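Report on one structure; see the data block that follows.
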2 protein chains.
Amino acid sequence: MAKSNAPITEHLAYLLAQANREINRQLELRLSKEGVPVEQWRILKVLSDGDGHSMGELADAVLLNHPTLTKMIDRMVSDTLVYRVQDPNDRRKVLMFISDRGKVLCRKLNSLAVDQEEHILESYGDKSTSELKRLLESLIDSSN
Amino acid sequence: MAKSNAPITEHLAYLLAQANREINRQLELRLSKEGVPVEQWRILKVLSDGDGHSMGELADAVLLNHPTLTKMIDRMVSDTLVYRVQDPNDRRKVLMFISDRGKVLCRKLNSLAVDQEEHILESYGDKSTSELKRLLESLIDSSN
DNA sequence: CTTCAATTGTTGAATATTCAATATTTTCAA
DNA sequence: TTGAAAATATTGAATATTCAACAATTGAAG
């Protein structure tokens with residue numbers, strides 16, 4: 001039986017929040033070199049397969065809710081990193097595509113992100129990293 | 001060497017964000033029974049040792065930055081869950097304490113949180129959970 | 001001692017996020 | 001085929017968060 005007076009630092013929810021905050025902070029720092037928030041990098045990365053992705057699909061993939069995504073996409077359209085196309089098969093939908101400029105930026109961001117992953121691998125270890133990834137994937141799976 | 005064209009779902013930063021989001025969502029759902037956001041539960045839990053904690057200390061512990069914490073504490077003071085006392089030894093500091101009402105609420109919240117941890121233990125497994133916690137702690141350590 | 005820098009917490013303006021309502025299109029049952 | 005319900009995306013108002021500036025106190029060097 002779990003103890004209800006356990007310190008906050010022993011709760012899984014807290015450890016996840018703390019680790020997420022720290023890793024995200026580090027990534028943010030790298031990406032800020034290009035002046036791009038983490039969410040925009042995620043969006044570019046998802047779109048970089050060249051296929052059109054609907055807003056709903058994208059919102060799920062990048063962990064943003066719909067109105068927030070709409071407003072972020074508005075900014076990215078202004079910056080000509082992405083563009084909207086109405087889905088010809090279902091006119092309720094909007095398909096998002098990455099622009100050439102977006103692709104160029106995405107490549108730079110990818111390399112900054114890889115820098116970070118390599119930094120983690122060094123300080124945290126190859127074994128721990130892959131084991132942690134495996135456990136996280138399985139936690140996410142078991143939560144659906 | 002890490003691949004820069006790896007899908008977003010393979011990045012540690014993304015897996016952490018996804019897992020954190022999901023677990024947090026579940027916890028939020030439980031705590032909403034008492035109408036309390038996760039951050040307020042964390043605050044109450046940290047303060048429930050009865051000692052006075054400065055705002056800075058508290059901000060670190062509950063993963064909020066200072067202005068956000070100040071405003072949240074303002075609300076909690078209005079709800080008489082916590083109260084401020086000027087630190088007699090260093091008058092720049094404010095020491096936060098939990099009220100009796102706060103303690104009562106905290107107990108209820110703890111039991112809701114324990115429900116969730118037990119639910120995770122069931123669906124995810126005892127072994128995986130403790131192994132994941134261990135790896136997260138070690139990741140956090142190695143990031144300082 | 002005095003002064004200047006550092007620490008601590010709060011405030012207000014700017015920014016971002018969320019909630020509820022809306023508009024449009026599609027689906028599907030009667 | 002029509003009308004009601006569901007799905008999709010956006011908008012605007014309400015709310016929350018963040019950034020930069022500030023005020024108060026302490027520390028520490030000269």
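Letters go in sequence order (proteins before strands), and every chain restarts at 1. Here the structure is a predicted model, which means the values were calculated and not measured.
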TODO: Using whole Å, report how far CG of B:L64 lies from P of D:dT17.
DONE: 7 Å
Task: Side chain proximity check, B:L132 to A:L15, heavy atoms < 4.5 angstrom - done: no
Task: Spacing between A:Q86 atom CD and C:dT25 atom P, to the nearest angstrom - done: 7 Å
Task: Validation row: A:V94, A:I73 side chains within 4.5 angstrom (heavy atoms) - done: no
- [ ] Would you state whether a donor and an acceptor, one from the side chain of A:R92 and one from the base of C:dT24, lie under 3.5 Å apart?
- [x] no
TODO: Could you check how far CG of A:D74 sits from P of D:dG12, rounded to whole Å?
DONE: 11 Å
Open item on the list: What is the separation between atom CG on A:D60 and atom C1' on D:dA7, rounded to the nearest whole Å?
Closed with: 13 Å
Task: Nearest heavy-atom neighbours spanning A:Y14 and A:I8 - done: CB-O, 3.2 Å
- [ ] To the nearest Å, give me how far apart CE (B:M76) and C1' (C:dT10) are.
- [x] 18 Å
Open item on the list: Let me spell it out: for each of A:D87 and A:E39, pick the nucleotide of DNA chain C with the closest heavy atom. Which residue's pick is nearer the 5' end?
Closed with: A:E39
Open item on the list: The side chain of B:R91 is closest to which nucleotide in this list: D:dT26, C:dT25, C:dT8?
Closed with: D:dT26
TODO: Specify the separation, in whole Å, of atom CG of A:N65 and atom C1' of D:dT11.
DONE: 14 Å
Task: Protein-nucleotide distance (B:H53, atom NE2; C:dG9, atom P), rounded to Å - done: 13 Å
- [ ] Establish whether the base of D:dT18 is bridged to the side chain of B:K71 by a donor-acceptor pair shorter than 3.5 Å.
- [x] yes
Task: Nearest-neighbour nucleotide for the B:P67 side chain, D:dT26, C:dT8, D:dA20 considered - done: D:dA20
Task: Which nucleotide in D:dT25, C:dT18, C:dT11 has an atom nearest any side-chain atom of B:D90 - done: D:dT25
- [ ] Side chain of B:T68 only, please: which of D:dT17, C:dA16, D:dT8 is the nearest?
- [x] D:dT17
TODO: Taking only the side-chain heavy atoms of B:S54 (C-beta and beyond), determine which of C:dT26, D:dT10, C:dG9 contains the nearest atom.
DONE: C:dG9
Open item on the list: Of the listed nucleotides (D:dT10, C:dT8, D:dA16), which one gets closest to any side-chain atom of B:R75?
Closed with: D:dA16
Task: Heavy-atom donor-acceptor pair, B:K103 side chain to B:I98 backbone, under 3.5 Å - done: no
Open item on the list: Please tell me whether B:Q26 and B:E22 have a donor and an acceptor in their side chains that are separated by less than 3.5 angstrom.
Closed with: yes
TODO: Take the protein atom CD of B:E57 and the nucleotide atom P of C:dT8, then report the distance between them rounded to whole Å.
DONE: 10 Å
